[in-house]
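See below for the structure under consideration.
Residue numbers start from 1 in every chain, and the chains themselves are labelled A, B, ... in the order their sequence lines are given, proteins ahead of strands. Computation of the quantities below employed the complete heavy-atom set of this structure, encompassing side-chain atoms and omitting hydrogens, waters and symmetry-equivalent molecules.
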Amino acid sequence: MKMEHIYLDHAATTPLHPKVLESMLPIYQKVFGNPSSIHYFGREARKLVDDARENIAKAIGAKPNEIVFTSGGTEADNTAIIGTAMAMKAKGNHIITSKIEHHAVLHTCQYLETQGFEVTYLDVDEKGRIQLDEFQQAIREDTILVTVMYGNNEVGTIQPIREMAQILEEHSALFHTDAVQAFGVKKVEVQALGVDLMSMVAHKINGPKGVGFLYVKEGTPFSPYQHGGEQERKRRAGTHNVPGIVGLEKALVLAAENRDENDSHYRRLQTIILQYLEEQHIDFSVNGDVKDCLSHILNLYFPGIKVEPFLTALDLGGVAVSSGSACTAGSVEPSHVLSAMYGKEAEQAKSSIRISFGLYNTEEQVTQAAKIIAQTVKRML
Amino acid sequence: MIYLDNSATTPPYPEVLETYRIVSERFFANPSSIHRLGGKSEDLLNKSRQQAADLLGVKENEVIFTSGGTEGNNFAIKGAALKYRHRGQHLITTRVEHPASRNAFEQLEALGFEVTYLEVDENGRISVDDFKEALREDTLLVSIIHVNNELGTIQPVKEIGKLLKSKPKTLFHVDHVQGLAKVPLNFKESGIDLCTVSGHKIHGPKGTGILYVREGVSLEPLLAGGGQEFAQRSGTENLPAIAGMVKALRITMEKSQKGIAQLESLNAKIREALESHPLVTIHSNAQESAPHILNATVKGIRAEVLIHALEEEEIYISTKSACSSKDTGASEILLACHIPEAVAKQAIRISMSFENTEAEINTFIAAFKKKVGELEKVREA
């Protein structure tokens, strides 16, 4: 990446940390075995997977046998939701989620609706937050699963996961949270959160693509989703992606080590942009809640700006940001998250950009980006 | 070190690692992001897909990147059955499938599908006549492993494909994970609608694979989300690994012709040595098997003991499939071939790749004879 191109789209994906790559390459070369093989190469590979599992479990306050490795966040979400829905079918068919989930959750819930499940999609307030009383009212006798994300990928709003878990304490419904955006800036511990299932992915925290995990609390009813060999205690078949798993472990360790520092760094970067735009008298507002959000995500609304030409202009100016989630596969549809926050026809959904910080972003870079954003807005209005 | 467990997994080519490293560094952006960096990643993804399509003799829009063979088989089988269940409830497969297929069928049986499991002869081969008899008006899917992962048996995939050409409503899936490049298969001429291949069996990275989905066929997605891979398979693309796999595919395909001839000669060499040994029974049929897999039992010597003895000489072979090697029972595949349980339990598998040399095989044969001789003495003593 040339220095003049400023990458501020870390919520879409992040560059691989050099130390992570360094941890993976020797494994490709020397410990390439299949962990299910009984010979030396298999045993060495197995040991790496076991160690990674233990360290990852430790990092989120779980037990090693509660970690199920997957091919990423999408698989973890799909597996969590369908795996528990199918296992809990006898108890009921009601699922609660929110309107601002990632599509890996939303589309899975929509799929389950076609299979006879009933899904409640909770509204959010203007900050993008679920109301606990609405949640409480939505819970029914036959509710079997609640799936709500920890921190939103477009606006960064953090949901009251712990409080929701407390509400669910006396209820048999399982609780899943998609925490893929959170780990780099928030200490995410499953015990403290009180969830039964949690999705995590490596490539959002400078780990390799194609690997993630699902935390499944011991004793949680769960029917496997990908069938085959007996890997992952029969919960997820498929030859282990050993280098990927080691890379995931390394990325998690690095993220945890640098978490507090990064969190305050990103908050400074947020302030730099907000202050600069104010100084330049740019008409804008923040989507979400600057006080209680994932600090690496900043979503801004610029009234009267058309987002598509805006993004193109910024890109040509050397700033890579996005309009919303990248995972809507290239489309620039109005964001479902902003629509849920402000209403279907809201201008915010058509005139907002997401800035997301990460490794290598310096104060100088972000100051430069703020200048380019301000210039572009002035030019376009 | 002599590695003869290539059916479990293979070491990646150095060129593949180089590709992985370069793409991780220079093309880290999310291909779905609309900025220039995302565009660069998308271009590389498209280029990789085009190259893979050319190498497999299919069209670009028929290549779906997956997380590996297990996902490919699960996706093809469950995705087709669930999508086309209005056509019928009947499915045909064989008794000798990889667990990734077998267990997917068991799951479908639980959902109310009717499955015919074709029996095999003592060489592990199904009969085309049995297949003809099993085929019904309401058969919606036929799924067959091309090259068996334990025995190397080649199934009459081409004949079956030909028969199915007059049945446009019956889909044909082939598990080509073991056969790729070693037992050439023309997907188009063989009437195949769906075909699974895996990256790590051809010296590519783990966590990669391709499912060929013929134009005009669409599957019920297993992974819902952002709509990547033609809305068939969601999840952020693992671009470094995809590019690495395509590199491995190119190298393997280039080596294919010469490599097959070499494997045939190495296979004959091992076969000759083993056949003349009084204690050895070879289970892989000489005429109908892939050149890289040889399955045999040494009478009176436990498979694990022999494997560990060879390990002392840094020679690595395996028992049965790595994906089920943790359970200690006899291989279900060998039992399906009517091999007595006591014999099946002690079976070993030697599996080669294009990288194995004649010198290695000579060393293996000498070590094998030596170790068997020693173990026999121990047994008699």
Side-chain angles (χ1 to χ4, degrees), chain A residues 1 5 7 9 12-16 21 25 28-29 32-34 36-42 71-75 77-78 102-104 107-108 110-111 203 208-211 225-231 237-244 311 315 320-323 325-330 332, chain B residues 3 5 8-12 17 20-21 24-26 28-30 32-38 67-71 73-74 98-100 103-104 106-107 200 205-208 222-228 234-241 304 307 311 316-319 322-327:
Chain A
M1 190 175 27
H5 214 117
Y7 185 76
D9 195 15
T13 191
T14 60
L16 196 57
L21 184 60
L25 288 179
Y28 272 119
Q29 285 159 323
F32 60 82
N34 186 327
S36 302
S37 296
I38 62 169
H39 52 60
Y40 168 80
F41 283 94
S71 69
T74 296
E75 186 189 322
D77 284 341
N78 275 257
H102 189 275
H103 284 119
H107 289 168
T108 305
Q110 284 158 8
Y111 164 75
H203 78 96
K209 293 180 173 62
V211 63
Y225 190 54
Q226 182 160 298
H227 291 239
E230 300 188 350
Q231 294 93 347
T239 300
H240 285 106
N241 178 0
V242 184
L311 288 175
D315 192 26
V321 296
S322 71
S323 60
S325 151
C327 294
T328 343
V332 197
Chain B
Y3 185 74
D5 192 15
T9 192
T10 59
L17 288 185
Y20 186 91
R21 196 179 58 75
S24 289
E25 284 168 357
R26 297 192 203 150
F28 71 86
N30 192 320
S32 299
S33 292
I34 60 172
H35 47 66
R36 238 185 308 172
L37 295 173
S67 70
T70 295
E71 186 188 324
N73 282 340
N74 271 265
H98 187 276
N103 292 340
E106 281 170 16
Q107 202 186 2
H200 78 99
K206 292 182 176 59
T208 61
L222 288 193
L223 297 179
Q228 290 91 343
S234 292
T236 299
E237 298 86 345
N238 184 357
L239 190 55
E304 284 81 11
I307 283 167
E311 242 181 77
Y316 303 95
I317 63 168
S318 71
T319 50
C323 294
S324 45
S325 63
K326 295 287 163 187
D327 76 72

Taking side chain as C-beta onward, heavy atoms only, is [X] less than 4.5 Å from [Y]?
X	Y	answer
Tyr3(B)	His39(A)	yes
Tyr225(A)	Leu222(B)	yes
Thr319(B)	Ile38(A)	yes
His203(A)	Thr236(B)	yes
Thr239(A)	Thr70(B)	no
Pro208(A)	Tyr20(B)	yes
Leu25(A)	Arg21(B)	yes

Look at the side chain of [X] and the backbone N and O of [Y], then say whether any donor-acceptor pair between them is shorter than 3.5 Å.
X	Y	answer
His107(A)	Gly225(B)	yes
Lys206(B)	Tyr28(A)	no
Asn30(B)	Thr13(A)	no
Lys209(A)	Ala241(B)	no
Asn74(B)	Gln226(A)	no

- Message: Please rank Ala100(B), Pro11(B), Gly38(B), Gly207(B) by heavy-atom pairs under 4.5 Å with chain A and give me the top one.
- Response: Pro11(B)

- Relative to chain A, which of Leu17(B), Ile307(B), Leu239(B) shows the most heavy atom pairs under 4.5 Å? Leu17(B)

When rounded to the nearest 0.5 angstrom, what distance separates [atom1] in [X] from [atom2] in [Y]?
X	Y	atom1	atom2	value
Asn78(A)	Ser234(B)	CG	OG	7.5 Å
Thr74(A)	Gln228(B)	OG1	CD	6.5 Å
Ile317(B)	Ser37(A)	CD1	OG	11.5 Å
Ile34(B)	Ser323(A)	CD1	OG	5.0 Å
Thr9(B)	Phe32(A)	OG1	CZ	8.0 Å
Tyr316(B)	Tyr40(A)	OH	OH	6.5 Å

Considering all heavy atoms, the nearest [X]-[Y] contact:
X	Y	result
Gly229(A)	Pro99(B)	N-CB, 3.8 Å
Ala320(A)	Leu37(B)	CB-CD1, 4.4 Å
Ser67(B)	Glu75(A)	OG-OE1, 4.5 Å
Ala224(B)	Thr108(A)	CB-OG1, 3.6 Å
Asp9(A)	Ser33(B)	OD2-OG, 3.0 Å

Is [X] close to chain A through its backbone or its side chain, or both, or neither, when contacts mean heavy atoms under 4.5 Å?
X	value
Thr208(B)	neither
Leu223(B)	both
Glu71(B)	both
Glu106(B)	neither
Pro240(B)	side chain

- Query: Who among Asp77(A), Val242(A), Thr14(A) has the most heavy-atom pairs with chain B under 4.5 Å?
  - Reply: Thr14(A)

- If you count heavy-atom pairs under 4.5 Å with chain B, which of Val211(A), Leu21(A), Leu16(A) comes out on top? Leu21(A)

- Message: Does either side chain, that of Gln107(B) or that of His227(A), offer a donor lying less than 3.5 Å from an acceptor on the other one?
- Response: yes

- Between Tyr7(A) and His35(B), ring centroids under 6.0 Å: yes

